[in-house]
Protein chains: 2
Amino acid sequence: MADTQTPGGQTLLFLTDEQLRKGIEAMFFAYRGFTADPDRILDEYRLGRAHHRALHFISRAPGTTVNNLLSILGVTKQSLNRVLRTLIDDGLVESRVGTRDKRERHLFLTESGTALEQELSTAQRERMRQAYREAGPEAVQGFRTVLEAMMDPELRHHFNRAKDSSDE
Amino acid sequence: MADTQTPGGQTLLFLTDEQLRKGIEAMFFAYRGFTADPDRILDEYRLGRAHHRALHFISRAPGTTVNNLLSILGVTKQSLNRVLRTLIDDGLVESRVGTRDKRERHLFLTESGTALEQELSTAQRERMRQAYREAGPEAVQGFRTVLEAMMDPELRHHFNRAKDSSDE
DNA sequence: GTTTTATGTCAGCGTTGTTGACTTTCCAAG
DNA sequence: CTTGGAAAGTCAACAACGCTGACATAAAAC
């Protein structure tokens with residue numbers, strides 16, 4: 001990767017379109033791998049990626065409201081509602097009317113919801129762990145740094161929300 | 001990132017579930033940013049991401065066959081066919097019957113197809129360039145390494161196909 | 001106490017993925 | 001030269017998951 005130091009010490013990158021295109025393709029192919037294992041499991045349950053995302057974030061923040069989930073997932077409430085309906089009908093998620101504000105619904109994973117989320121998460125974590133192992137610790141640091149820089153500022157906010165209780 | 005050296009010199013990574021989950025969320029949020037700019041442009045043309053992917057890989061390998069595109073994109077021919085039909089009807093892609101093997105169709109971008117591909121690619125490359133600039137050269141190297149490790153071996157093959165004429 | 005805002009639900013539509021059945025074209029092996 | 005099979009395309013139906021619009025209800029604001 002071509003780079004030089006300015007007299008001021010700032011690192012400059014000279015990035016060809018070709019290098020950037022390879023990065024774009026890497027994202028495309030890697031994302032396919034990233035979702036492949038959960039997708040296989042979801043098929044067995046007749047669920048899709050949207051259900052996985054909902055399970056993931058409900059698991060991360062039990063009792064979260066529909067509205068909060070909405071802003072994290074970046075879809076319309078109607079779209080999320082259909083997904084939640086399926087999950088509730090399947091007994092994977094429980095929706096409790098808010099005590100302070102009865103308009104709100106607080107979302108929790110049921111026992112079987114927790115089990116499925118674990119199954120999905122384990123498969124995806126194993127893929128991630130394997131990739132991290134192959135790549136090595138400095139690569140992982142770089143990976144995370146570039147991904148964070150690629151996010152929309154608004155989304156980065158959601159990402160960093162739970163970061164405190166994390167790895168650094 | 002926790003890591004130690006074994007007496008043998010191999011680097012071991014101790015990765016908590018929490019660290020891996022953050023990596024998973026980073027992929028999720030970053031991919032949203034990654035596709036956000038092209039999605040906005042595609043909306044104006046009443047096209048979707050599937051069309052963008054087809055344009056990208058036809059642009060990368062002009063004259064590629066439908067079958068080759070199929071194995072790269074990993075969708076069914078029926079699904080790809082609908083996308084190609086739209087692109088051909090819109091005058092963005094040209095399909096030429098093969099000379100050596102007349103069963104094959106070779107795909108090329110038209111002038112306006114090239115223009116749209118450029119517009120999409122430029123938007124996406126700018127996002128990528130910005131992220132690379134923010135993260136710095138070592139981070140970029142790590143990013144690419146982890147992404148490649150995350151791919152399915154079969155997909156990695158497609159990725160490396162055009163790598164020779166690339167950056168290393 | 002009526003209006004406005006927030007939240008969630010129901011109905012319907014578009015894109016893009018899927019499978020299955022079928023036809024046409026054409027290369028190549030027998 | 002015929003036939004088997006690969007490549008490409010079409011039609012139909014369906015599922016997942018985005019979207020908009022219309023609407024009910026709860027809470028807040030006036």
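These figures come from a predicted structure and were not determined experimentally. Below, chain A is the first sequence line, B the second, and so on; all start at residue 1.
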Is the A/F159 ring parallel, tilted or perpendicular to the B/F29 ring (thresholds 30°, 60°)?
perpendicular
Ring-plane angle category for B/H52 and B/H56, please: parallel below 30°, perpendicular beyond 60°, tilted otherwise.
perpendicular
Presence of donor-acceptor pair under 3.5 Å, side chain of B/R85 and base of D/dG9
no
In terms of the angle between their ring planes, are A/Y31 and B/Y31 parallel, tilted or perpendicular, with boundaries placed at 30° and 60°?
parallel
On DNA chain D, does the nearest nucleotide to B/E104 precede the nearest nucleotide to A/R103 from the 5' side, or the other way round? Give the residue.
B/E104
Residue-phosphate contact under 4.0 Å: A/T76 side-chain N/O, D/dG18 OP1/OP2:
no
Using a 4.0 Å heavy-atom cut-off, does B/G74 contact any base of the nucleic acid, only the sugar-phosphate backbone, or nothing at all?
sugar-phosphate
Residue met sooner reading DNA chain C from 5', once A/S95 and A/R82 are mapped to nucleotides:
A/S95
Looking at the base of C/dG14, is there any donor atom on it, or on the side chain of B/R46, that sits under 3.5 Å from an acceptor on the other one?
no
B/K77 has an atom NZ; how far is it from atom P of D/dC11, in whole Å?
14 Å
Nearest to the side chain of B/Q78 - D/dC19, D/dC17, D/dC11?
D/dC11
Quick one, A/D152 and B/R127 - any side-chain contact, counting heavy atoms below 4.5 Å?
yes
Between C1' on C/dG8 and CZ on A/R105, what's the gap in Å once rounded to a whole number?
6 Å
Starting from the 5' end of DNA chain D, give me the residue, A/G48 or A/R100, whose nearest nucleotide shows up first.
A/G48
Rounded to whole angstroms, how far apart are CG on A/D101 and P on C/dT5?
17 Å
Please confirm whether any donor atom in the side chain of A/K102 sits under 3.5 Å from an acceptor in the base of D/dA26, or the reverse.
no
Please report, rounded to the nearest Å, how far the C1' atom of D/dG18 is from the CG atom of B/L47.
16 Å
OP1 or OP2 of C/dT15 under 4.0 Å from side-chain N/O of B/H51
no
Of the nucleotides C/dT5, D/dA8, D/dG18, which has the atom closest to the A/R53 side chain?
D/dG18
Output the single nucleotide from D/dC17, D/dA27, C/dG17 whose closest atom is nearest the side chain of A/A50.
D/dC17
B/R40 and side-chain contact (heavy atoms from CB on, under 4.5 Å): which partner among B/D43, B/D37, B/L42?
B/D37
Using whole Å, report how far CG of A/D39 lies from C1' of C/dT18.
13 Å
Which label fits B/F28 and A/F57: parallel for a plane angle under 30°, tilted from 30 to 60°, or perpendicular past 60°?
tilted
Interatomic distance where CG belongs to A/L42 and P belongs to D/dA16 [whole Å]
11 Å
What integer distance in Å separates A/R32:CZ from C/dG17:P?
10 Å
If only side-chain N and O atoms of B/N67 are considered, is one of them under 4.0 Å from the OP1 or OP2 phosphate oxygen of D/dA6?
no
Distance in angstrom units between B/N81 CG and C/dT15 P, rounded
16 Å
